[in-house]
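Data first, discussion second: the structure below is written as structure tokens.
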Amino acid sequence: MTDALLPVTPEVRILPRKRPEGARTNIVGLTRPQLRAALIAAGTPERQANMRVGQVWQWVYHWGVRDFALMSNLAKDYRALLAESFEIVLPEVVTRQVSDDGTRKYLVRIAGGHEVEVVYIPEDNRGTLCISSQVGCTLTCTFCHTGTQTLVRNLTAGEIVGQVMLARDDLGEWPKQGAPKDETRLISNVVLMGMGEPLYNFENVRDAMKVVMDNEGIALGRRRITLSTSGVVPEIARTATEIGCLLAVSFHATTDEVRDRLVPINRKWNIATLLDALRAYPGLSNSERITFEYVMLDGVNDSKEDAHRLVALLQGIPAKVNLIPFNEWPGAPYKRSSGNRIHAFADIIHNAGYASPIRTPRGEDIMAACGQLKSATERARKSRAEIAAEAGQPPPPRVARRPDAPDLH
């Protein structure tokens, strides 16, 4: 594969989306200070503003209420004021697919008719929601299906928070008024690992996570949220100081030559520069390790030599390594490493003192696995040959692999 097919991450300036003139303000995604300012601007007396923020916040984010008329501890005239100036709107669920393993994938439509995907992964002791931060992606990582879809725009804070709320709707997770308190959390963890590079949409991601982490609403603690970046070095320290969540790094290679090809942003901030930023990550400790995501690609990055190089690179960084069997997609230019190769790699990492879990692919039958997310409408507009061409590969054979065919890799 030639460098000409692997553009360096472009500098893309995303302008904020403008609200239509006269439109009501959507409360979803406003931080507490933003909501306070908006309530005052709509006519709330300043001396009442903090109290009103608390009341509205609890109705929207604790109880999941969408109708101001149901906010029973507010006077009727104040409810009417709210309804005149504000709305409580989530992205629209277009389709909902459920995998054989229980994974749920939502195709979600946002303002402008654009679409993103959201994935819920249930496990025995947790439920993880994978959310998106952009429509498409600028990064062109060659193993990632999402990377073959060009960037359309950043998601707003409301569109990011809305993904969490619509999943709670579908799972029936909002508490019932008057019912005994239920501490069960179906969505116990949120990962910013869906479509897009979160650190190229930093302010909206930060504000959305402040809403999600607030103790009087959705109340997911900062250690329950993981942000995954491909290595946008200038924003890494800000992630710790302004968001405070856990950090994962989409790493995938042990030499600049290979990482330049797999993760082209490496040409801007190479491995040494990225690792220096990670060693300086504020608050880094063994209790809040950085996760290194490493997709296992047959014959590309899966040798024993790669494993030993990775161990050497991690020195001085409290870390764990998530090994991800490659999830193939039509036209993909890579194959999944064999099970024996993955386990041999994992053993070397583990014997060096680092946790090295092998991720079990989830939701492959509905294209919901890691690296497979891409809006259904975008897929429908492109043939398999076009997808392959974007990846720099020859057209695939005309006979498609049956959905029920065994995975041989």
Side-chain angles (χ1 to χ4, degrees), residues 26-30 57-66 88-111 114-135 146 155-176 182-196 198 201 204-205 207-228 245-246 362-363 365-370 372-376:
N26 188 10
I27 282 177
V28 176
L30 297 181
W57 193 276
Q58 188 175 53
W59 281 113
V60 175
Y61 295 120
H62 178 74
W63 298 114
V65 168
R66 310 286 154 75
I88 305 167
V89 176
L90 306 186
E92 174 194 357
V93 177
V94 179
T95 61
R96 170 185 175 275
Q97 294 174 276
V98 181
S99 167
D100 291 340
D101 63 23
T103 298
R104 302 185 186 199
K105 183 172 77 169
Y106 310 94
L107 179 66
V108 173
R109 183 172 295 138
I110 59 174
H114 306 300
E115 293 168 347
V116 296
E117 291 184 330
V118 184
V119 177
Y120 173 70
I121 305 166
E123 299 177 76
D124 289 341
N125 59 350
R126 65 166 62 187
T128 300
L129 187 70
C130 179
I131 63 176
S132 297
S133 57
Q134 295 179 311
V135 184
T146 311
L155 298 188
T156 66
E159 290 162 344
I160 296 170
V161 175
Q163 294 173 61
V164 180
M165 296 176 71
L166 65 86
R168 295 194 84 189
D169 285 353
D170 185 54
L171 294 166
E173 195 179 24
W174 300 106
K176 304 283 192 299
D182 184 357
E183 298 290 349
T184 304
R185 297 300 296 262
L186 298 176
I187 300 175
S188 63
N189 296 75
V190 166
V191 294
L192 286 143
M193 296 183 184
M195 296 169 64
N201 186 17
N204 285 325
V205 167
D207 290 351
M209 293 305 100
K210 286 183 177 179
V211 172
V212 170
M213 290 187 288
D214 189 285
N215 285 332
E216 294 182 16
I218 297 171
L220 281 176
R222 64 182 185 85
R223 291 191 181 187
R224 296 286 187 175
I225 297 170
T226 302
L227 182 150
S228 176
C245 62
L246 301 183
R362 300 291 299 273
D365 55 321
I366 58 171
M367 288 287 285
C370 179
Q372 290 185 326
L373 300 190
K374 189 167 184 178
S375 76

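Remark: Ile187 CD1 to Leu129 CG distance equals 5.0 Å, nearest 0.5 Å. Taken from CD1 in Ile225 to CG in Leu192, the straight-line distance is 7.5 Å, to the nearest 0.5 Å. The distance from the CD1 atom of Ile218 to the CE atom of Met165 is 6.0 Å, given to the nearest 0.5 Å. Rounding to the nearest 0.5 Å gives a distance of 13.0 Å between CZ of Arg223 and CG of Asn189. If you take NE2 on His62 and CH2 on Trp174, they are separated by 9.5 Å, rounding to the nearest 0.5 Å. Taking CG of Asp101 as the start and CD of Glu123 as the end, the distance is 10.0 Å to the nearest 0.5 Å.
Residues Val205 and Leu227 form a side-chain contact, since some pair of their non-hydrogen atoms from C-beta on lies under 4.5 Å apart. Counting heavy atoms from C-beta outward, Ile160 and Met209 have side chains that approach closer than 4.5 Å. Under the 4.5 Å side-chain criterion, counting only non-hydrogen atoms from C-beta, Lys105 is not in contact with Ser99. Contact of the Asp169 side chain with the Arg66 side chain is registered, since non-hydrogen atoms from C-beta on lie closer than 4.5 Å.
No donor-acceptor pair under 3.5 Å is formed between the side chain of Glu115 and the backbone N or O of Leu107. With Ser132 contributing its side chain and Glu117 its backbone, the two residues share a donor-acceptor pair below 3.5 Å. At distances below 3.5 Å, not a single donor-acceptor pair connects side-chain atoms of Glu216 with backbone N or O atoms of Trp57. No donor-acceptor pair under 3.5 Å is formed between the side chain of Thr103 and the backbone N or O of Ile121. Asn201 places a side-chain N or O within donor-acceptor distance of the main-chain N or O of Leu155, the cut-off being under 3.5 Å. At least one donor-acceptor pair under 3.5 Å links the side chain of Glu173 to the backbone N or O of Leu186. For the pair Ser228 (side chain) and Met193 (backbone), a donor-acceptor distance under 3.5 Å is absent.
Closest approach of Ile110 and Pro91 over heavy atoms only: CG2-CB, 4.0 Å. A pairwise comparison of heavy atoms in Ala157 and Gly29 identifies CB-O, 3.6 Å as the closest pair.
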For Glu159 and Val108, run side-chain contact (heavy atoms from CB on, under 4.5 Å): C-alpha distance rounded to whole Å, both residues' side-chain angles, the deciding distance at 0.1 Å, then the answer. CA-CA 10 Å; Glu159 290 162 344; Val108 173; over 6 Å; no
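Side chain to side chain, Tyr61 and Asp214 fail the donor-acceptor criterion of an N or O pair below 3.5 Å.
Shown here is Arg168, whose CZ atom has more than 12 heavy atoms of other residues, nucleotides or ligands within 6.0 Å.
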